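Chain A is the first sequence line, chain B the second, and so forth, proteins listed ahead of strands; every chain is numbered from 1. All figures in this text were calculated on a predicted structure; none of them were measured in a lab.
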Number of protein chains: 2
Amino acid sequence: MKFEAVTIKDIAKALGLSTSTVSRALRDSYEISPETKKKVLEYSEKINYRPNPIALSLKEKRSRSIGIIVCEIANSFFSQTINGIESIAYDMGYNVIIAQSHESYEREVLNVQYLASRSIDGLLVSVSSETKDLEHLRNLHDRGFPIVFFDRVVDEMETHKVIVDNFKGAYDATMHLVQCGYRHIAALAGSEYLSITKERLGGYRKALEDSGLTYNENYVQHCLHGGMLYDEVEDSLTALLQQPQKPDAIMASADKLTTNCLRYFKKRKIRVPDDVALIGFSNLDLTDLLSPSLSVVRQPAFEMGQLSTELLIHQIESKRPVKEFEQRILPPQLFIRESTDRTLVR
Amino acid sequence: MKFEAVTIKDIAKALGLSTSTVSRALRDSYEISPETKKKVLEYSEKINYRPNPIALSLKEKRSRSIGIIVCEIANSFFSQTINGIESIAYDMGYNVIIAQSHESYEREVLNVQYLASRSIDGLLVSVSSETKDLEHLRNLHDRGFPIVFFDRVVDEMETHKVIVDNFKGAYDATMHLVQCGYRHIAALAGSEYLSITKERLGGYRKALEDSGLTYNENYVQHCLHGGMLYDEVEDSLTALLQQPQKPDAIMASADKLTTNCLRYFKKRKIRVPDDVALIGFSNLDLTDLLSPSLSVVRQPAFEMGQLSTELLIHQIESKRPVKEFEQRILPPQLFIRESTDRTLVR
DNA sequence: TTTATTTACGCAAACGTTCCCGGTATAAAG
DNA sequence: CTTTATACCGGGAACGTTTGCGTAAATAAA
């Protein structure tokens with residue numbers, strides 16, 4: 001069932017004009033007399049004419065749409081980021097096409113190819129936790145295709161990047177644990193391939209060192225799928241709790257990691273923070289309602305989305321190839337709640 | 001900065017053929033000799049040719065993309081629905097363009113117009129809670145534009161609709177409260193304009209009647225923005241708790257309504273379920289981790305998204321105008337946890 | 001050998017726009 | 001009265017593709 005729209009030709013025919021005249025009248029060209037303009041404008045209004053964006057795209061060789069690749073939109077951080085992306089994109093006349101990798105490298109590659117073949121003008125990417133090979137993106141980038149990375153960036157490519165200060169976030173979180181008196185602080189981290197994992201573990205380690213605590217390799221566990229799979233978290237936590245010296249606090253470095261930690265503790269009736277304290281990166285809106293309420297490092301997701309989009313569209317609309325790339329680093333925010341602070345627990 | 005793609009013309013020129021021959025070779029037409037086909041295929045592969053979807057769209061008068069309008073993607077129910085939509089859409093070669101109304105009628109209208117002007121082939125809509133006037137949608141629908149409603153549907157339009165059995169969901173939830181011994185059961189509902197609100201309140205009322213409890217108008221409060229604004233929830237709850245006979249249980253009929261209820265109770269140190277029990281519609285993944293864990297009515301969001309998309313694409317690809325419309329009703333699921341069941345509380 | 005048929009390809013129009021390049025009036029300048 | 005300028009408008013190509021039609025050469029049938 002197709003839906004017939006009214007075209008410039010219909011207007012031209014109805015008014016006894018040529019398509020060029022109608023086109024020019026609509027674009028308010030000086031070459032068209034005021035009377036003709038008036039006629040055309042009025043008639044277009046009457047029959048509710050809307051220019052065909054497909055035809056325009058073909059002509060202008062740009063689609064005015066940008067692609068987004070994230071692992072999951074059902075993740076607070078990413079849905080908030082997408083909100084930020086949308087707010088800017090729509091303001092600037094772009095629409096967004098969203099694709100999810102579900103943390104799978106294969107699906108990420110497929111999505112990139114799909115989006116690229118759909119003639120989008122640019123791409124906003126947060127890589128999957130499985131991604132090590134970047135050929136699918138480098139390929140496009142090398143041919144001048146605008147790509148902006150956010151949150152999960154890659155060192156190997158020279159593009160705009162928007163991240164949060166992950167080092168500081170983890171440092172502050174760990175420092176907070178130290179100040180609360182915890183001495184055996186473990187880290188539950190995401191995929192080793194991810195930039196954010198490295199940065200966050202860096203902050204964790206530095207905080208330990210600055211506090212005179214020794215960094216213990218066995219206190220660091222990785223979950224390849226960033227907490228998406230409960231079993232991975234379960235295995236990691238079990239490994240941590242089997243250490244000769246059980247950790248008395250955990251710093252979790254991703255949203256799902258943090259909540260699945262809590263789920264594990266609840267299942268095993270491990271009391272938080274009495275048995276073990278928990279702080280984690282999270283952008284959930286309900287960390288205050290959890291049991292116990294969660295201490296978190298929160299990222300300015302909305303702003304990250306906005307900023308990334310501004311950088312991307314700026315690059316898309318730039319006349320000359322962009323050679324100077326920016327890396328914007330936004331500050332994280334620390335929220336202290338019951339899961340680390342015993343004085344807060346009822 | 002534009003990104004030059006390789007076209008069929010480039011292939012034709014390089015191989016000394018006409019564009020029609022190349023086109024036909026690529027589509028494996030019987031009119032082309034095996035040798036020519038082989039040459040064309042190999043060369044296209046080599047230079048990584050991808051057909052330009054914009055040009056195809058112009059020719060075929062369809063864009064192979066569908067629009068989605070929801071209030072918030074940062075809402076578990078909708079993000080799960082979108083996952084379902086995507087899974088089907090991508091399988092069938094469509095991409096999706098998502099727009100958010102943020103529960104504003106004005107933004108919904110703007111989004112509809114924007115999407116319609118972007119030559120999408122169909123629309124998946126869950127109306128905003130402010131929406132009463134449907135001209136923006138009826139307009140399109142009357143001209144044969146495929147529209148499928150999901151979750152928040154409207155009676156006034158004859159289209160495919162996919163909903164959950166809201167009546168049953170609310171009925172079961174209320175019945176559960178009755179069985180737990182609660183006798184003064186209030187309802188916190190969303191916008192009065194919404195279909196889901198009416199259906200859910202219907203189930204609530206019927207359950208009361210079937211249990212020999214009297215339905216009390218003052219026990220029903222509406223929040224126009226469906227819990228998005230905490231203040232609305234606060235006012236409604238305050239009104240409920242000021243009734244001469246304070247309610248001993250609350251049935252909340254939307255995601256944010258339910259969680260904001262909990263937030264209110266926590267703030268005021270009202271114990272759940274001891275002072276007041278709470279059950280609500282919610283698709284959150286962490287209702288088991290809340291304090292107390294939440295009894296909820298859960299909707300099969302993913303399946304709803306899949307089903308809606310199948311119906312929509314089926315209508316889009318139908319040769320003849322579709323006149324017979326289906327209304328699919330999926331079953332909700334009840335999860336009993338601490339917020340209603342005292343025996344579960346630690 | 002002539003005629004009919006098949007095979008394999010090219011030409012050109014179409015989708016909806018924009019825009020370059022013309023062209024024809026009318027008016028002003030010489 | 002011719003030249004030049006100005007105002008206004010139309011023709012047609014182009015964007016990348018598909019597809020109906022035409023046609024040359026090769027093959028088969030007569």
Side-chain angles (χ1 to χ4, degrees), chain A residues 1-41 43-44 47-65 93 116-121 143, chain B residues 1-41 43-44 47-65 93 116-121 143:
Chain A
M1 183 51 207
K2 56 175 150 268
F3 170 72
E4 301 290 344
V6 31
T7 78
I8 240 177
K9 278 190 190 172
D10 302 327
I11 304 177
K13 200 168 293 173
L15 265 43
L17 294 169
S18 74
T19 58
S20 9
T21 303
V22 175
S23 172
R24 270 183 275 249
L26 291 170
R27 319 201 125 247
D28 200 27
S29 159
Y30 70 97
E31 290 188 291
I32 306 298
S33 71
E35 307 93 76
T36 310
K37 275 183 193 169
K38 188 153 169 289
K39 268 201 305 188
V40 171
L41 258 358
Y43 186 72
S44 316
I47 61 173
N48 198 32
Y49 167 79
R50 294 273 174 274
N52 183 332
I54 302 274
L56 284 174
S57 296
L58 184 59
K59 189 126 235 302
E60 296 176 5
K61 294 178 172 247
R62 57 195 303 238
S63 59
R64 287 201 154 268
S65 61
S117 83
R118 299 295 297 187
S119 37
I120 52 170
D121 296 339
R143 293 188 294 173
Chain B
M1 183 52 207
K2 57 176 149 269
F3 171 71
E4 300 291 344
V6 32
T7 78
I8 240 177
K9 278 190 189 171
D10 300 327
I11 303 178
K13 199 167 295 173
L15 263 43
L17 294 169
S18 75
T19 57
S20 19
T21 304
V22 175
S23 172
R24 272 183 273 248
L26 289 170
R27 319 202 122 246
D28 201 25
S29 160
Y30 70 98
E31 290 187 290
I32 305 299
S33 70
E35 309 92 76
T36 309
K37 275 184 193 169
K38 188 154 169 287
K39 269 201 304 186
V40 171
L41 257 357
Y43 186 72
S44 317
I47 62 173
N48 197 31
Y49 167 78
R50 294 273 175 273
N52 182 331
I54 302 274
L56 283 175
S57 297
L58 185 59
K59 190 128 233 306
E60 296 176 4
K61 293 178 171 251
R62 56 196 303 241
S63 59
R64 286 202 156 268
S65 60
S117 82
R118 298 295 298 187
S119 39
I120 52 170
D121 296 339
R143 293 187 295 174

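No donor-acceptor pair closer than 3.5 Å links the side chain of B:Ser23 to the backbone N or O of B:Thr19. Panel note: side chain A:Lys61, backbone B:Ala5; no donor-acceptor pair is recorded below 3.5 Å. With hydrogens and angles ignored, the 3.5 Å screen pairs a side-chain donor or acceptor of A:Ser63 with a backbone N or O of A:Ser119.
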- Full working for side chain to side chain contact (heavy atoms under 4.5 Å, CB included) between B:Leu56 and B:Asn52: CA-CA 6 Å; B:Leu56 283 175; B:Asn52 182 331; over 6 Å; no
- Could you walk me through whether B:Ile11 and B:Ile47 pass the side chain to side chain contact (heavy atoms under 4.5 Å, CB included) test, one step at a time? CA-CA 9 Å; B:Ile11 303 178; B:Ile47 62 173; 3.9 Å; yes
- Message: Between A:Leu17 and A:Val40, is the side chain to side chain contact (heavy atoms under 4.5 Å, CB included) condition met? List the steps.
- Response: CA-CA 9 Å; A:Leu17 294 169; A:Val40 171; 3.8 Å; yes
- Task: Determine, stepwise, if the pair A:Ile32 / A:Thr21 fulfils side chain to side chain contact (heavy atoms under 4.5 Å, CB included).
- Result: CA-CA 7 Å; A:Ile32 306 298; A:Thr21 303; 3.8 Å; yes
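Between A:Lys38 atom NZ and D:dC8 atom C1' there is a gap of 18 Å when expressed in whole angstrom units. Look at CD1 on A:Ile8: it is 19 Å from P on D:dC15, rounded to the nearest Å. Counting to the nearest Å, the P atom of C:dG16 and the CZ atom of B:Arg118 are 17 Å from each other. The CD1 atom of A:Ile11 sits 14 Å away from the C1' atom of C:dT18 (whole-angstrom rounding). Atom P of nucleotide C:dT17 and atom CD1 of A:Ile54 are separated by 11 Å, given to the nearest angstrom. Nucleotide D:dT18 holds its P atom 13 Å from the CG atom of A:Leu58, rounded to whole Å. Rounded to an integer number of Å, the gap from B:Lys61 NZ to D:dG16 C1' is 17 Å. A:Glu60 places its CD atom 17 Å from the P atom of C:dG16, with the value rounded to the nearest Å.
Set against C:dT18, C:dC15, D:dT19, the side chain of A:Lys9 has C:dC15 as its closest nucleotide. Distances from the side chain of B:Leu56 to the nucleotides D:dG16, C:dG16, D:dT18 place D:dT18 closest.
Over its length, the helix from C:dT1-D:dA30 to C:dG30-D:dC1 turns its helix axis by 70°, as judged from the five terminal pairs at each end, rounded to 10°.
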- Summary of protein contacts for nucleotides 6-11 of chain C, nucleotide by nucleotide, where a base hit scores B, a sugar-phosphate-only hit scores S (4.0 Å, heavy atoms): --BBBB
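At a threshold of 4.0 angstrom between heavy atoms, the contacts of A:Thr7 are confined to the sugar-phosphate backbone, with no base atom among them.
Taking every heavy atom of both residues into account, B:Arg118 and A:Arg64 meet most closely at NH2-O, 3.3 Å. Scanning all heavy atoms of the two residues, the minimum distance from A:Thr7 to A:Tyr49 falls at C-CE1, 3.8 Å.
Contact check, A:Ser23 against C:dT17: no side-chain N or O comes under 4.0 Å of OP1 or OP2. Distances shorter than 4.0 Å separate none of the side-chain N or O atoms of A:Lys59 from OP1 or OP2 on D:dG16.
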